[in-house]
Amino acid sequence: MRIKYTLKSNIYLLKKVIKYNKLLFLLRIIISILNSISILLTILMPMFLLDAIIAGDLNEIIITLLIFTVAFLCINCISVIFSKYDKVSSEKIYVEIINEFLQKTIDLDLGYFDNTESYDKYNRAFGNCCRAIDTVNAIITSFVTSIFNLILITSVLIWMNLYMFIAIVVIIIVNFIIGNKTKKIDYYYSKLFSEKNKQVNYLYRLFYIPQLVRETKANNLSKFIFENKQNFNDDIIQLTKKQTRTKALLSILTGSINTLESGFVALYFGFSVVIQRIVISEYFTSVNAYNQLKSTILNIVNIYTNLYSNSLFASDYIDFLNSNETVTLNETGEELQEVRKIEFSNVSFKYPNNTYLSLDNVSFKINKGEKVAIVGKNGAGKTTIIKLLLRLYDPLSGTIYINDVDIKRYTTKSLRTVIQTLFQDFAIYAFSIKDNITLGKSIDDSVIWDALDKVDLTEKIKNLKYSIDTPITSQLYADGIELSGGEAQKLAIARIYANGPKTFIMDEPTSNLDPYAEYLLYDRLIKDTTNDSTVIVISHRLTLTYKMSKVIVIDQGRVTEEGTHEELMNLKRLYYDMYTIQSEKYVDTKNNNQIGGK
């Protein structure tokens, strides 16, 4: 079973090698053959040269050197020319491998990464994907070289005693067993090191990611972080000691066998000269040929070991690429054109690592043109509703409908295109301000400036040296600027305005804004959206929910209240309590009235 999987996984990788660049694969085989010829020339040259020296024939010495020199130069020139092509082509292949890997990452369900085992497998796969494909290619070319070496070198040592061949086989078997054991040890420890390195790398990020550096400095966390880092480093050092100790005896055994073998080989070929089986000029040739023959046979025997070792590293990569956890990805369904109605029908959901339901039998409807606030305490399940609506996850039970059609029937791309979303933990990218708004779409500059004006960023950005082409942060480009939390949130909101969707969702869109900026945002949001635009705002801040046409209250994963602001205030339940407490804290600085007061 193991042999079958080893061959299957490496054949899978080999097909990828050939698919990426057939010519490169063919040229590597040709270079392998030339390498075999070069090795044979290296073995034979001392013998011919020594014969010429013993004979005292200067012309023969010059001719011998000239022939071998020309042969070596030709092979070397061909190898240099090929290596240039190989390097460039390999880089192009690496790009394709990584692109395929990243596309698969995008296609996989979020639930895949919520699972610790899957996430660790992802990290190992990403770290080994190029290596695994490179290795299988190297193994194949090495095999071709070894076969040619075997044929050519055996013809040189055809006279050698049968017992020496048996000795070679015995030594090779011992080396094979030890090598196989060593590779298993390396793979076992590589998995342990992978986990520890993941932990240490997280701590490293605390020192160079701007937001994390800020928190580290502000809270004087460096000592605490270094203490944790030291603990992980100690674990890595202990693992290194264990790995070294485990391999030490094997290394001593291998070294001892090789030392004894070298002495025996020198004695055998020296004795062959004494009894005149070979002449003195053939002594060094025979020793070199023997060592090369042993190495060649060992390489051939090790082909399976190397394939097996590669399959261990490649298994995570292959499993990742073939993962079927893409149930939320629909590329062949109906194209969603517009949203006329959204309906959650008895929807329940639980995150992979949780034991409790984040949503419990949730049902509600949102019609085209409605301005809806989904409110509740932190952790009530509000954001989960967005994730399910966008098919970042699928419900545990129940159905989500758009236009009375199960959303699973729509293509995922069209679903996420028609419904624009601003998450609470929105991303600001290290691209230009313009790119952060357009997100790769073709949008006229006038539309971008209009969107910036609606979030009060026009003056700030006009005064920048590169205006809307100014990069954010210096992580990708020089002269990048830093935005405050509120400015970053306004920029993210500008994306919504610039894209002009008919249906959009904003999750805690004012979490970084002051009360007055929050008031203006909601006021403009209602005024600037057309009557047929559907707006859904997720929030635990309720001072402006009275402007919305409907309010849905989520508490502990359930819909507990639904209606207009006035209707829910009259119920005097959770919404009434939350609204009353919060509205007392916010004051309209222009009119000196309570914001949201009636």
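For the pair S89 (side chain) and D86 (backbone), a donor-acceptor distance under 3.5 Å is absent. Counting only distance, with no hydrogens or angles, the side chain of S146 and the backbone of S142 share a donor-acceptor pair below 3.5 Å. Side chain of S32 to backbone of T141: a donor-acceptor contact under 3.5 angstrom is found. A side-chain donor-acceptor contact under 3.5 Å links S9 to the backbone of T6. Judged by distance alone, the side chain of S323 and the main-chain N or O of F320 form no donor-acceptor pair under 3.5 Å. Between the side chain of S311 and the backbone N or O of Y308, at least one donor-acceptor pair lies under 3.5 Å. Put simply, the side chain of R416 gets close to the backbone of R391: a donor and an acceptor are under 3.5 Å apart. Side chain of N258 to backbone of T254: a donor-acceptor contact under 3.5 angstrom is found. A side-chain donor-acceptor contact under 3.5 Å links N201 to the backbone of N197. Remark: the backbone N or O of T328 is paired with a side-chain donor or acceptor of T412 at under 3.5 angstrom.
Not counting sequence neighbours, D109 has no partner by the salt bridge (charged side-chain N to carboxylate O under 4.0 Å, His left out) test. In this view, K196 and D235 satisfy the salt bridge (charged side-chain N to carboxylate O under 4.0 Å, His left out) rule, not counting sequence neighbours. The salt bridge (charged side-chain N to carboxylate O under 4.0 Å, His left out) test applied to D120 returns K198, not counting sequence neighbours.
The two atoms that bring N436 and A427 nearest to each other are OD1-O, 4.5 Å, heavy atoms only. In this structure, L388 and D394 approach most closely via the heavy-atom pair CD2-C, 3.9 Å. E325 and L108 make their closest contact through O-CD2, 3.4 Å (heavy atoms, listed as atom of the first residue, atom of the second, distance). Among all heavy-atom pairs drawn from K350 and L357, the shortest one is CB-CD2, 3.9 Å. Of all heavy-atom pairs spanning Y112 and S118, the tightest one is O-CB, 3.0 Å. A pairwise comparison of heavy atoms in P395 and F349 identifies CA-CD1, 4.3 Å as the closest pair.
Residue E227 qualifies as enclosed at atom CD: its count of foreign heavy atoms under 6.0 Å is above 12. Atom NZ of K19 has more than 12 neighbouring heavy atoms from other residues, nucleotides or ligands inside a 6.0 Å radius. F224 CZ: 12 or fewer foreign heavy atoms inside a 6.0 Å radius. Annotation: F148, atom CZ; neighbour count of heavy atoms from other residues, nucleotides and ligands within 6.0 Å does not exceed 12. Few gaps surround NZ on K441; more than 12 heavy atoms of other groups in view lie less than 6.0 Å from it. For Y202, the OH atom is loosely surrounded, since the number of other residues' heavy atoms within 6.0 Å does not exceed 12. The number of heavy atoms from other shown groups lying within 6.0 Å of CZ (F72) is above 12.
Judged purely by distance below 3.5 Å, without hydrogens or angles, the side chains of N35 and T145 never pair a donor atom with an acceptor atom. With no hydrogens or angles considered, a side-chain donor-acceptor pair links Y393 and D114 at under 3.5 Å. D234 and Q230 form a side-chain donor-acceptor contact under 3.5 Å, judged by distance and modelled atom types alone. Residues T384 and Y351 bring a donor and an acceptor atom of their side chains to less than 3.5 Å of each other. With 3.5 Å as the limit, one finds no donor-acceptor pair spanning the side chains of Q292 and N288. If you check the side chains of S315 and D319, you find no donor sitting under 3.5 Å from an acceptor.
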For Y12 and I318, run side-chain contact (heavy atoms from CB on, under 4.5 Å): C-alpha distance rounded to whole Å, both residues' side-chain angles, the deciding distance at 0.1 Å, then the answer. CA-CA 8 Å; Y12 176 90; I318 296 172; 3.8 Å; yes

Should I140 and L14 be marked as a side-chain contact (heavy atoms from CB on, under 4.5 Å) after you check the CA-CA gap, both sets of side-chain angles, and the distance that decides it? CA-CA 9 Å; I140 296 302; L14 182 60; 3.9 Å; yes

Output, in order, the C-alpha distance, side-chain angles, deciding distance and verdict of side-chain contact (heavy atoms from CB on, under 4.5 Å) for Y122 and T105. CA-CA 9 Å; Y122 167 83; T105 303; 3.4 Å; yes

Test side-chain hydrogen bond (donor to acceptor under 3.5 Å, both in side chains) on D316 and N128; report intermediate values, then the result. CA-CA 8 Å; D316 293 324; N128 289 307; 5.6 Å; no

Derivation and outcome, side-chain hydrogen bond (donor to acceptor under 3.5 Å, both in side chains), residues S432 and D435: CA-CA 5 Å; S432 69; D435 289 336; 3.2 Å; yes

Would L27 and Y85 satisfy side-chain contact (heavy atoms from CB on, under 4.5 Å), going step by step from the backbone distance to the final call? CA-CA 10 Å; L27 289 176; Y85 173 76; 3.7 Å; yes

Go through the steps to decide whether T411 and N330 satisfy the test side-chain hydrogen bond (donor to acceptor under 3.5 Å, both in side chains), and finish with yes or no. CA-CA 5 Å; T411 63; N330 182 352; over 6 Å; no

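To the nearest 0.5 Å, the span separating CD on E331 from CG on L329 amounts to 4.5 Å. Between the CD1 atom in I153 and the CD1 atom in I39 there is a gap of 6.5 Å [rounded to 0.5 Å]. Taking CD1 of I428 as the reference point, atom CD1 of I472 lies at 5.5 Å (rounded to 0.5 Å). Atom OG in S83 sits 8.5 Å away from atom CD1 in I31 (nearest 0.5 Å). To the nearest 0.5 Å, the span separating OG1 on T244 from NZ on K241 amounts to 10.0 Å. Distance NZ/K87 to CZ/F82: 13.5 Å, rounded to 0.5 Å.
Between L65 and the options I62, I63, I61, a side-chain contact (heavy atoms from CB on, under 4.5 Å) holds for only I61.
Two residues are said to be in side-chain contact when any heavy atoms from C-beta on lie closer than 4.5 Å; E96 and N99 fail this criterion. Within the 4.5 Å cutoff, the side chain of S79 has heavy atoms near those of the I75 side chain. Side-chain contact between D134 and I93: absent, with no pair of heavy atoms (C-beta onward) separated by less than 4.5 Å. Considering only heavy atoms from C-beta on, D479 stays 4.5 Å or farther from T470 through its side chain. Looking only at side-chain heavy atoms (C-beta outward), Y429 and L439 come within less than 4.5 Å of each other. A heavy-atom distance below 4.5 Å is not found between the side chains of K408 and L415. Counting heavy atoms from C-beta outward, I280 and I54 have side chains that approach closer than 4.5 Å. Proximity of K229 to Y204: side-chain heavy atoms (C-beta onward) are separated by under 4.5 Å at one or more points.
Between F48 and F68, the ring planes are tilted. Angles from 30° to 60° get that label.
Here F226 and F207 bring their ring centres to under 6.0 angstrom of each other.
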